[in-house]
Every structure is written in structure tokens, then in C-alpha cells.
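If you read the sequence from its start, that first residue is 1, and numbering goes on from there. Just so it is clear, the values below take in all heavy atoms, side chains as well, and ignore hydrogens, waters and symmetry mates.
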Amino acid sequence: LGRMLSNEYDGAWAAGSDGRVTKGSTDVTTEYLQIMDEAKRETSYDYSVILGRKTVLSTMVKRDDNSIRSTNEIPESVAAMIEKDGYHYEKSRKLEGRTYCSYYRVLKDDDGNNVGFVMAAEDSDLAESEIDRAMAFMIVLAVVFFAVSAVIGTIVSRKVSKSLTDVAED
């Protein structure tokens with residue numbers, strides 16, 4: 001998502017006081033929100049574009065007035081890690097009273113300079129329930145595999161035992 005947003009239009013990123021975001025001379029607010037909304041429908045993750053340290057576009061919106069729910073600035077320590085590595089993962093980040101698992105990618109301008117970040121965030125409770133379901137499935141699969149192996153082992157050992165007993169009796 002970050003590469004696509006960075007490369008789709010030429011020019012510098014800018015956020016106006018009216019909440020509109022431009023890339024060069026093109027207002028990209030509506031188009032990029034539609035792209036992010038589609039990605040959210042497909043993945044259930046929330047997405048945000050952060051210019052500098054401030055959230056300017058986000059699928060995290062308040063239900064009552066549709067404003068961006070999280071305009072939290074990224075802590076300097078996190079921003080430094082993203083800028084150094086080009087990405088960063090946080091297992092637990094508080095945003096507007098909820099805990100999220102957050103993944104950040106650096107957002108670049110046309111000259112390759114870091115100008116912000118794209119964030120994908122999943123509610124921690126949802127992530128934990130998905131992990132719990134996957135673990136439960138793996139446990140059931142392991143028990144079934146063990147049971148099938150035990151049955152096959154018992155059948156094979158009985159056949160071998162019977163064959164050996166028949167040979168010994170002859």
C-alpha cells in the first residue's frame with residue numbers, strides 16, 4: 001500500500017488545514033480513502049497515512065461525525081525505527097483507548113526521502129482470537145494425527161505379531 005500510494009502521483013505530499021491531502025497538484029483524499037476502505041474490507045485491518053508525525057488519512061473514524069478517530073502522533077522512538085529500517089511492527093499500541101497490533105512502512109517522496117508512514121493496524125482482541133482459533137485447530141489436528149497414527153501402528157503391529165507367531169509355530 002505504501003509503495004502504491006507513494007508512486008501513483010508525482011509531487012510532494014501535503015496536508016491542508018481543511019483535511020484534504022494532495023500529492024503534487026492532485027487532491028488524493030477521496031481516492032486514497034477508497035483504496036484504504038477497500039483494503040479494510042478485504043483484511044479487517046485499519047489503515048492510516050501519517051505525514052510527518054500526524055495522521056492525515058485513516059479508516060479509523062468516529063461513528064458520530066466520521067472524523068479521524070486517531071490523530072495520535074507517532075512517538076519519536078517508533079518513528080526513528082521506521083525511518084532506520086523502512087518498517088516497524090508493534091505488538092501493542094494504544095490508539096484512542098483500544099489496543100492494536102500495528103505495522104508501519106515508510107512513505108517516500110519522489111526523491112526517495114522519508115516523509116511519513118503508512119500504518120496497518122488490527123485490533124489486538126481480534127488478532128488474539130484469530131491466534132487462539134489457529135492454536136485450537138492445530139491442537140485438534142495434532143490429536144487426530146496422533147490417534148490415526150496409534151490406530152495404524154496397532155494394526156501394523158498386530159499383523160506383524162500374527163505373521164511372526166505363524167512363522168514360529170511352523
Side-chain angles (χ1 to χ4, degrees), residues 1-8 31-51 53 55-64 66 68-108 112 114-170:
L1 184 63
R3 268 189 232 117
M4 191 216 42
L5 295 178
S6 289
N7 297 331
E8 189 155 347
E31 181 181 351
Y32 284 7
L33 281 173
Q34 287 173 346
I35 291 167
M36 292 165 39
D37 284 339
E38 179 63 29
K40 181 177 179 171
R41 277 191 293 280
E42 291 175 8
T43 65
S44 78
Y45 287 32
D46 276 299
Y47 295 91
S48 296
V49 172
I50 300 138
L51 293 182
R53 302 282 183 272
T55 304
V56 294
L57 293 175
S58 183
T59 59
M60 295 177 167
V61 294
K62 294 178 184 174
R63 287 196 168 95
D64 55 350
N66 217 28
I68 294 176
R69 184 170 70 213
S70 175
T71 57
N72 293 356
E73 292 192 5
I74 295 179
E76 191 60 39
S77 59
V78 173
M81 285 186 271
I82 302 167
E83 289 173 351
K84 176 181 169 264
D85 300 331
Y87 64 91
H88 178 66
Y89 173 75
E90 282 187 304
K91 183 177 179 183
S92 178
R93 174 153 165 77
K94 281 275 194 198
L95 297 170
E96 300 298 317
R98 295 175 66 189
T99 305
Y100 287 86
C101 299
S102 304
Y103 181 75
Y104 299 88
R105 294 285 305 191
V106 72
L107 192 62
K108 297 187 176 279
N114 298 344
V115 295
F117 314 99
V118 174
M119 179 187 73
E122 181 177 32
D123 187 297
S124 291
D125 292 338
L126 180 59
E128 287 177 18
S129 70
E130 289 174 7
I131 291 169
D132 289 346
R133 271 196 309 272
M135 286 177 49
F137 175 75
M138 295 302 287
I139 290 169
V140 168
L141 192 61
V143 168
V144 168
F145 179 75
F146 178 73
V148 169
S149 297
V151 169
I152 291 172
T154 302
I155 292 169
V156 168
S157 69
R158 284 188 180 169
K159 287 192 180 234
V160 168
S161 258
K162 186 172 180 338
S163 297
L164 290 174
T165 304
D166 290 345
V167 168
E169 289 176 356
D170 288 340

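- Nearest approach of Ile50 to Leu107, heavy atoms of both residues: O-CD2, 4.5 Å.
- Put simply, the side chain of Val49 reaches to within 4.5 Å of the side chain of Met36, judged on heavy atoms.
- For Leu33 against Ser58, the heavy-atom pair with the smallest separation is CD2-O, 3.8 Å.
- The CD atom of Glu31 sits 7.5 Å away from the CD atom of Gln34 when rounded to the nearest 0.5 Å.
- Contact detail for Tyr45 and Lys40: the closest heavy-atom pair is O-CG, 3.0 Å.
- Residues Val115 and Lys108 share a closest heavy-atom pair of CG2-C, 4.0 Å.
- Taking all atoms of both residues into account, the shortest heavy-atom contact from Ser102 to Tyr104 is CB-CE1, 3.7 Å.
- Atoms OG1 and CE, from Thr55 and Met119 in turn, are 6.0 Å apart once rounded to the nearest 0.5 Å.
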Could you walk me through whether Thr59 and Asp37 pass the side chain to side chain donor-acceptor pair (under 3.5 Å) check?
-> CA-CA 6 Å; Thr59 59; Asp37 284 339; 5.4 Å; no

